[in-house]
2 protein chains.
Amino acid sequence: MSVTYRDIKADIFNQITTGALAPGGAMPSEVDLAESYGCARATVNRAMRELADEGIIERKRKAGTRVRMAPVRAARFEIPIVRHEIEKSGAEYRYALVHRAVMPAPDWLRARLGLDAAGRVVHLTCMHYADGTPYQHEDRWINLAVTPDAEHNDFSKSSPNEWLVAAVPFSNVQISFHAVQADAVLADHLGCTEGRALFQTERSTWWDEKAVAFVRLTSREGHRVTTQY
Amino acid sequence: MSVTYRDIKADIFNQITTGALAPGGAMPSEVDLAESYGCARATVNRAMRELADEGIIERKRKAGTRVRMAPVRAARFEIPIVRHEIEKSGAEYRYALVHRAVMPAPDWLRARLGLDAAGRVVHLTCMHYADGTPYQHEDRWINLAVTPDAEHNDFSKSSPNEWLVAAVPFSNVQISFHAVQADAVLADHLGCTEGRALFQTERSTWWDEKAVAFVRLTSREGHRVTTQY
DNA sequence: TAGTGGTCTAGACCACGGA
DNA sequence: CCGTGGTCTAGACCACTAA
């Protein structure tokens, strides 16, 4: 076993980045590559499959494999639990429940999550602090039709996020990042002035076609989401 | 071949989400699973490997496989070329070069990219329009030590991004998302008022330990980056 | 040191889809 | 149609690491 799938991946990646393999250009078939690398087709297959997953190459049955014209490279961002994110940075984490109410789902939420007119939700507002300073504001809505237990939890001690991941299954998640102006409430909680630019994450969670929860996370000024590949 | 690796993935995922497999709990070994599913170990291996890649489970040699305590789920965001993003939405794309200069690298950039004191760069400012309205502002710096050809390209016709992906190899990319206030220049170009919250992406590209380029992309008001998994 | 995951092999069958 | 990638198998050896 002298040739590993990693060797092949690296070799092909180099050929692409150095220009030996041109974007849009066709590559040899797996059988041919296996022969030229002197290994089994399965080994070549794994290398090529991973390159395809990473968006470097494009594969089609019969048509073969070619280098992507526009490398639609995908970046992976880890979506951590706030508490872990803060503790990992060495800071002390503190959670506070600001507001809790059980209510009929407002129209915008019903539309967003596809709830029916009778839909009831738990609405929570909470804050996450790092070393005593505001870190993130959480505005969460939990669908009681899917998660009735949420009605009897007061969420005064721990974040709804941590309760949800442990208590409720989910199959599908939508995430959106964008920038917002701080309104009076956010400015107050996050310790900035009104109108400041804040980074916001919205996340909808679904289980079996039914909405489980929607959350809007607003981070303190200057927050960045970073990754590398 | 009745049991596929997809079947196994789905089955295990369901066992986790429904609570049949508890977070932190140990799972059977690959050999045992292969027997109980009635398939080859390689099939189980592929299912488990993908679950591990997705951050659902955690694997260690000898120690075995266990369900992740805190599902550090990672979301994939595609980083498209602006032109493709706009054209895919059905709008007409237009590019404009605002400013071009060859100059010594400013201190903040030298520090950021690890350039030496003699480092020279091309500084470009450009705009991307969708159906004639401002879509994204691009502020780009290209390291001439790595990419000398950039000095003789005027970038008046096509975006530096498209030129770079075709002309320069890269091995490492760092991306950061955050929110900024529109300053006078950005407000002017993007057609909003000063102080508005804008979504900004910063990206550093490296090749073989040397910085290739740095770019700061500012999107028009209301821009969102979205994904689902 | 022994058990578990990581990987490779040689061969096979199949599904897709371009020609 | 028929070449290409997608996947499975049965078996093997190896690398890591907890016990």
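Throughout, protein chains are lettered first and strands after them, A, B, ... in sequence-line order, and every chain is numbered starting at 1.
- Whole-Å rounding puts the B:Arg66 CZ to C:dG5 C1' distance at 14 Å.
- The pair B:Glu54-B:Lys9 meets the salt-bridge criterion, since a charged nitrogen lies less than 4.0 angstrom from a carboxylate oxygen.
- If A:Ala40 and A:Ala63 are placed on DNA chain C by their nearest nucleotide, the residue sitting closer to the 5' end is A:Ala40.
- Between the side chain of B:Arg41 and the base of C:dT7 there is at least one donor-acceptor pair of N/O atoms closer than 3.5 Å.
- Considering only the side chain of B:Asn45, C:dT7 comes nearest among D:dT9, C:dA10, C:dT7.
- A straight line from CZ of A:Arg61 to P of C:dC13 spans 17 Å, rounded to a whole angstrom.
- No more than 12 heavy atoms of other residues, nucleotides or ligands sit less than 6.0 Å from atom CD of A:Glu35.
- From A:Arg216, atom CZ reaches atom CH2 of A:Trp141 across 8.5 Å, with rounding to the nearest 0.5 Å.
- Contact annotation: A:Arg59 side-chain N/O to D:dG6 OP1/OP2 distance is under 4.0 Å.
- Taking atom CZ of B:Arg49 as the reference point, atom P of D:dT7 lies 11 Å away to the nearest angstrom.
- Atom pair B:Asp7:CG and D:dG6:P shows a separation of 18 Å (rounding to whole Å applied).
- Ring pair B:Phe199/A:Phe177: centre-to-centre distance not below 6.0 Å.
- Residue whose closest nucleotide on DNA chain D sits further toward the 5' end, between A:Ala42 and B:Lys62: A:Ala42.
- In this structure, CD of B:Glu50 is placed 13 Å from P of C:dT7, rounded to the nearest angstrom.
- Checked against C:dT7, D:dT9, D:dT4, the side chain of A:Tyr5 finds its nearest nucleotide in C:dT7.
- For A:Arg46, no side-chain nitrogen or oxygen approaches OP1 or OP2 of D:dT7 to under 4.0 Å.
- Residue B:Tyr37 contributes atom OH, which lies 13 Å from atom P of D:dT9 at whole-angstrom precision.
- Annotation: of the two residues near DNA chain C, A:Lys60 and A:Cys39, the 5′-most nearest-nucleotide partner is A:Cys39.
- Taking atom CG of A:Leu33 as the reference point, atom P of C:dT9 lies 14 Å away to the nearest angstrom.
- Under 4.0 angstrom from either OP1 or OP2 of D:dT7 there lies no side-chain N or O belonging to B:Thr43.
- The separation between A:Asp32 atom CG and D:dG5 atom C1' is 13 Å, rounded to whole Å.
- Contact check, A:Ser29 against D:dG3: no side-chain N or O comes under 4.0 Å of OP1 or OP2.
- Nearest nucleotide to the B:Thr65 side chain, out of C:dG5, C:dT9, C:dA2: C:dG5.
- The cationic group of A:Arg220 does not satisfy the cation-pi geometry with A:Tyr135, failing either the under 6.0 Å distance to the six-membered ring centre or the 45° limit from the ring axis.
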